[in-house]
Visitor: 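If you scroll down you'll find the structure; I have some questions about it.
Residue numbers run from 1 in the order of the sequence given.
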Amino acid sequence: MYGARASQCKLEPVMASPHLQHRPSRLPRLIATDLDGTALRSDGTISPRTAAAFATVEEAGSTLVFVTGRPPRWMHLVAGVLRHRGLAICANGALVYDLHTETIVESHLIDQPTLAETVRRLRFEIPELTFAVEYEGGFAHESTFRLGRWDADGVGGKRVEPVTLISQPCAKLLALHPSMGPDELYARVKALVGDLVTATHSSGRALMEMSAHGITKATALASLATRNQIKAEEVVAFGDMPNDLPMLTWAGTSYAVANAHPDVLAAVDHITTTNNDDGVAMILEELYRL
């Protein structure tokens with residue numbers, strides 16, 4: 001989380017008020033929100049207040065979409081808490097996941113030749129990198145890849161040889177550096193393979209997340225909105241990290257939680273309170289007059 005750095009930006013949170021100046025003249029047709037660091041608390045839980053606010057969005061007839069870097073295999077608990085409401089755009093736009101049925105309904109994958117070439121370039125130029133891959137149906141990683149909390153706790157995944165890792169199309173390629181800062185690593189990865197894949201990051205670790213070229217949270221969200229005849233100006237979006245920036249700049253109205261990355265705080269229309277203070281729920285309560 002970037003709470004300390006956010007406070008240095010001297011940006012004040014938007015506080016709830018019955019007279020919010022930025023309140024839209026009518027209800028949003030679509031609410032799009034990131035999960036980790038935004039709608040979820042720092043321990044990964046959904047507060048009762050936030051769950052209730054999400055339920056109200058759908059009850060009011062608006063479309064609710066969770067737009068996350070998470071793979072579908074991390075969505076089961078979220079789906080249960082939310083009583084299987086809404087859709088999820090997973091893996092930074094690569095996969096669209098129906099929370100009602102817990103099935104993947106749309107995929108945008110990195111093809112195998114592109115995956116192999118991306119790893120080849122990165123391994124040659126930055127040999128300290130280790131790799132993992134999110135497939136449609138699971139997770140695999142090199143033996144030297146240091147697992148994060150979720151995978152270390154047994155959410156899924158298997159160790160494979162490097163040649164096996166890149167043997168089939170994938171939804172997301174992960175590259176981890178042991179010591180480099182995430183913003184510095186992002187700049188290097190983008191310069192090296194930006195013509196092959198779309199890179200971003202969403203954590204405090206030097207962990208790059210790469211999707212098929214041109215695939216972002218925004219492209220998947222815009223496609224979904226178009227199919228439902230929803231315009232960008234009818235969308236309200238929430239986020240906290242650089243992988244949210246395409247979505248936040250596309251949406252008609254954008255919010256960052258106060259603990260967001262400085263680049264996100266600088267890009268959005270409005271700032272709400274932190275994820276641990278139910279910042280997303282606070283705004284939804286205002287929008288839907290709870």
Visitor: Is Arg73 salt-bridged to Glu134, going by a charged N under 4.0 Å from an acidic O?
Guide: yes
Visitor: Other hydrophobic cluster members with Tyr135, side-chain heavy atoms of Ile/Leu/Val/Met/Phe/Trp/Tyr under 4.5 Å, chained?
Guide: Ile110, Leu115, Val119, Leu122, Ile126, Leu129, Phe131, Val133, Val160, Leu165, Ile166, Leu173, Met180, Leu185, Tyr186, Val189, Leu192, Val193, Leu196, Val197, Met208, Met210
Visitor: Does NE2 belonging to His76 count more than 12 external heavy atoms closer than 6.0 Å?
Guide: no
Visitor: Restricting to pairs with a member in residues 91-103, which pass salt bridge (Lys or Arg N to Asp or Glu O under 4.0 Å), not counting sequence neighbours?
Guide: none
Visitor: Once rounded to the nearest 0.5 Å, what's the spacing between atom NE2 of His270 and atom CZ of Phe238?
Guide: 10.0 Å
Visitor: Just checking, any donor-acceptor pair under 3.5 angstrom between side chains of Asn276 and Thr274?
Guide: no
Visitor: Show every ring-ring contact (aromatic ring centres under 6.0 Å, His included) that has at least one partner inside residues 212-237, sequence neighbours left out.
Guide: none
Visitor: Who passes salt bridge (charged side-chain N to carboxylate O under 4.0 Å, His left out) against Glu142, sequence neighbours left out?
Guide: Arg123
Visitor: Just one of Thr219, Val65, Asp34 clears the side-chain contact (heavy atoms from CB on, under 4.5 Å) bar with Ile89, so which one?
Guide: Val65
Visitor: Give the minimum heavy-atom separation between Ala94 and Ala171, together with the two atoms involved.
Guide: CB-O, 3.4 Å
Visitor: Within the supplied structure, the quantity of interest is the number of heavy atoms (other residues, nucleotides, ligands) at a distance under 6.0 Å from Glu59 CD; does it exceed 12?
Guide: yes
Visitor: Any heavy-atom pair between the side chains of Leu207 and Leu174 that's under 4.5 Å?
Guide: yes
Visitor: Pairs in or reaching into residues 159-182: which pass ring-ring contact (aromatic ring centres under 6.0 Å, His included), with residues at least two apart or in two chains?
Guide: none
Visitor: Could I get the full list of side chain to side chain donor-acceptor pair (under 3.5 Å) partners for Glu117, not counting sequence neighbours?
Guide: Arg120, Arg121
Visitor: When Met282 is tested against each of Val257, Thr50, Thr272 for side-chain contact (heavy atoms from CB on, under 4.5 Å), which residue passes?
Guide: Thr272
Visitor: If the condition is ring pair (Phe, Tyr, Trp, His ring centres under 6.0 Å), which residues does Phe54 pass it with, not counting sequence neighbours?
Guide: Phe66
Visitor: Arg29: which residues meet the salt bridge (charged side-chain N to carboxylate O under 4.0 Å, His left out) condition with it, sequence neighbours left out?
Guide: Glu234
Visitor: Roughly how far apart are Ile31 CD1 and Thr253 OG1, rounded to 0.5 Å?
Guide: 9.0 Å
Visitor: Taking Ile230 as the starting point, is it possible to reach Val105 by hopping between hydrophobic residues whose side chains are less than 4.5 Å apart?
Guide: yes
Visitor: Gln168: what forms a side chain to side chain donor-acceptor pair (under 3.5 Å) with it, not counting sequence neighbours?
Guide: none
Visitor: Output the distance between atom NE2 (His108) and atom CG (Asn92), rounded to the nearest 0.5 Å.
Guide: 13.0 Å
Visitor: Determine which pairs satisfy salt bridge (Lys or Arg N to Asp or Glu O under 4.0 Å) with at least one residue from residues 261-283, sequence neighbours left out, and list them in order.
Guide: Arg41-Asp278
Visitor: Mind checking who shares a hydrophobic cluster with Ile215, ILVMFWY linked at side-chain heavy-atom distances under 4.5 Å?
Guide: none
Visitor: Can you see which heavy atom on Pro169 is nearest to which on Leu109, and at what distance?
Guide: CB-CD1, 4.1 Å
Visitor: Sequence neighbours left out, what pairs pass salt bridge (Lys or Arg N to Asp or Glu O under 4.0 Å) with at least one residue falling in residues 160-171?
Guide: none
